[in-house]
Every structure is written in structure tokens, then in C-alpha cells.
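Every heavy atom of this structure was used, including side-chain atoms; hydrogens, water molecules and symmetry mates were not. In each ligand, atom 1 is the first atom listed, and ligand 1 is the first ligand listed.
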Amino acid sequence: MDRRPEGSISENVRLVLERIRHATRQSGRPDGSVRLIAATKSVGLDQIREGITAGLAILGENRLQEALPKIEGLRGVPVQWHFIGHLQRRKARSVVGVFDLIHSVDSFELAQEIDKRAQEAGLRQAVLLEVNLEGESTKSGFRPDELEGLLPRLGALSHVEVKGLMAIPPPVSDPEQARPSFRRLRELAQRLSRQRIGTVSLEELSMGMSSDYAVAVEEGATMVRVGTAIFGARHVSSNDYQ
Ligand SMILES: *Cc1c(COP(=O)(O)O)cnc(C)c1O
């Protein structure tokens with residue numbers, strides 16, 4: 001499927017927001033229940049500014065080195081920054097406190113490191129737990145079956161606030177093919193919530209990208225991460241979701 005959008009960035013932002021609103025209603029939830037995270041890797045500041053003018057409020061970056069100059073360049077502009085790429089432990093210190101939410105906590109050791117750095121910085125860092133739904137060996141993330149045992153330990157980290165789950169299901173040509181994965185992530189969050197660990201919330205579900213975000217919203221996403229459908233195709237090869 002060709003995901004290259006036809007319109008200008010402003011038109012694309014409006015279209016994506018409209019589709020999100022429609023799918024939110026389809027899922028029986030009130031308007032505003034789903035937030036759009038614009039995935040801005042390889043996108044320049046001018047394009048990002050155009051997107052913000054058209055209504056983008058949250059920007060998702062994959063790499064610290066790429067994000068920092070953009071954050072600097074947009075200082076004073078009322079946007080939130082989310083970290084959505086793979087995070088190495090040694091970079092945790094630089095990410096903590098800079099991003100409002102880290103979507104991609106994929107190991108207990110990384111959570112511990114974030115906890116330590118957040119404590120040093122005197123803040124609590126909001127995070128999502130990345131789940132490797134299909135057990136793909138090339139992808140990072142918690143296995144669904146290990147989360148139950150780990151949740152109490154994650155909840156005990158006093159400077160990390162677990163807000164929900166995130167997943168990057170394999171790319172599909174038909175968005176309907178992604179529906180079972182989205183449903184599984186939602187059901188996993190529901191199941192884990194029954195543990196009722198006071199400090200852990202699993203209300204946020206970050207799932208859905210350009211090719212399948214509407215289906216993700218229908219299945220309960222509270223955040224979708226969309227790049228190509230807003231900014232056009234990136235000039236890089238297929239698997240650049242790290
Ligand atoms: C790039 C990226 C996206 C957006 O992907 P598109 O297919 O361009 O919408 C979403 N999530 C992550 C983690 C990404 O790296």
C-alpha cells in the first residue's frame with residue numbers, strides 16, 4: 001500500500017486528526033480521548049513548525065542526538081516531546097526530564113536506570129512499557145508473559161511512573177491485519193490492571209502508525225504515533241522504527 005500522503009502537511013494533519021476523531025467515536029469514546037504523537041524523525045524544523053500551526057501538540061523523536069537540537073530550536077513553542085525510539089541505558093540520564101513521556105521502556109534494567117537518573121534529577125519520569133507482542137527476535141520489548149511478574153518490581157521504582165503499554169506490531173499491508181495485535185495489547189493491559197498496583201497505571205495504550213492508526217483507535221489506543229501520513233515518506237529503508 002502506498003502510504004505517501006497527497007496533501008500539504010497542514011492538510012495531512014487535519015485529515016489525520018479528523019480520522020482519529022471519527023475512529024474515537026466509533027470506539028464509543030468521547031472526543032479528545034486519543035492523542036496524536038507526530039513521529040518527527042528525519043523531519044526538519046520548518047516542516048515541524050507547519051505541523052504545529054496546523055494542530056500538532058506532541059512530537060515523538062527516536063534519537064536523542066536528533067531530538068536535542070529540535071527541542072532547542074522550538075524552545076518556547078507549546079509542544080510536548082515524547083521519546084519513542086529504542087533507548088540505550090547509557091543515554092537514560094540525558095533523556096530523563098527532557099521528554100514528557102518515554103514510550104519505549106523495554107527492560108527492567110532500563111527502568112531501573114531511568115529511576116536512578118530521575119531520582120538524581122529530583123523528578124518522576126512518566127514511561128510506557130514496550131511489549132513485544134509477537135515475540136519477534138529482531139524487536140525489543142517485554143514478553144507479555146513476563147510482565148505480570150515484573151509489574152510489582154516496576155511499581156516499586158519510586159521515580160518512575162508507569163502510565164501504560166506501547167507496541168510496534170509488524171507492518172501490514174491491510175490495516176485489518178493489525179487489529180488482533182491491538183486487541184491483544186488492550187487485553188493485556190486489562191489483565192495486568194487487575195493486579196492493582198497502586199503506583200502503576202495502565203490506562204495509556206500507545207499503538208497504531210500511519211498505515212493502521214484508525215484501527216488502533218477503534219481497538220482502544222489512547223495515543224497513535226504517526227509520521228509518514230503527515231510528513232510524507234522518509235528516505236530510509238524499511239525498518240527504521242528503532
Ligand atoms: C517512525 C515511527 C512511527 C511512525 O511511523 P509511520 O509509519 O511513519 O507513521 C511510529 N512509532 C515509532 C516507534 C517510530 O519509530
### Message
If the cut-off is 4.0 Å to any non-hydrogen atom of Arg225, which atoms of ligand 1 fall inside it?
### Response
4 (C), 9 (O), 10 (C), 11 (N), 12 (C), 13 (C)
### Message
With nothing but distance in play, are any N or O atoms of Gly227 less than 3.5 Å from an N or O of ligand 1?
### Response
yes
### Message
If the cut-off is 4.0 Å to any non-hydrogen atom of Val226, which atoms of ligand 1 fall inside it?
### Response
9 (O)
### Query
Which word best sums up how the rings of His82 and His103 line up, parallel for under 30°, tilted for 30 to 60°, or perpendicular for over 60°?
tilted
### Query
Heavy-atom contact under 4.0 Å between His103 and ligand 1?
no
## Note on the structure
ligand 1 to Thr228, heavy atom cutoff 4.0 Å, flagged ligand atoms 6 (P), 7 (O), 8 (O), 9 (O)
#### Entry: Arg184 and Glu187 ion-paired at < 4.0 Å
no
### Query
Relative to the heavy atoms of Ile168, which atoms of ligand 1 are at a distance of less than 4.0 Å?
13 (C)
### Query
What is the minimum heavy-atom distance between His86 and Ser140, and which atoms define it?
ND1-OG, 3.6 Å
## Note on the structure
Within the 4.0 Å heavy-atom cut-off, what Asn62 brings close to ligand 1 is side chain
### Task
Please report the shortest heavy-atom distance between Val226 and Met209, naming the atom on each side.
CG2-C, 4.3 Å
### Query
Got a salt bridge between Glu161 and Lys163, using NZ or NE/NH1/NH2 to carboxylate O under 4.0 Å?
yes
### Query
What is the minimum heavy-atom distance between Glu146 and Arg143, and which atoms define it?
OE2-N, 2.8 Å
### Query
Short list, please: which atoms of ligand 1 are under 4.0 Å from a heavy atom of Lys41?
1 (C), 2 (C), 3 (C), 14 (C), 15 (O)
### Message
With a heavy-atom distance limit of 4.0 Å, tell me whether Ser210 approaches ligand 1 through its side chain, its backbone, both, or neither.
### Response
both
### Task
Using a strict 4.0 Å threshold on nitrogen-to-oxygen distance, state whether Arg90 and Glu113 make a salt bridge.
no
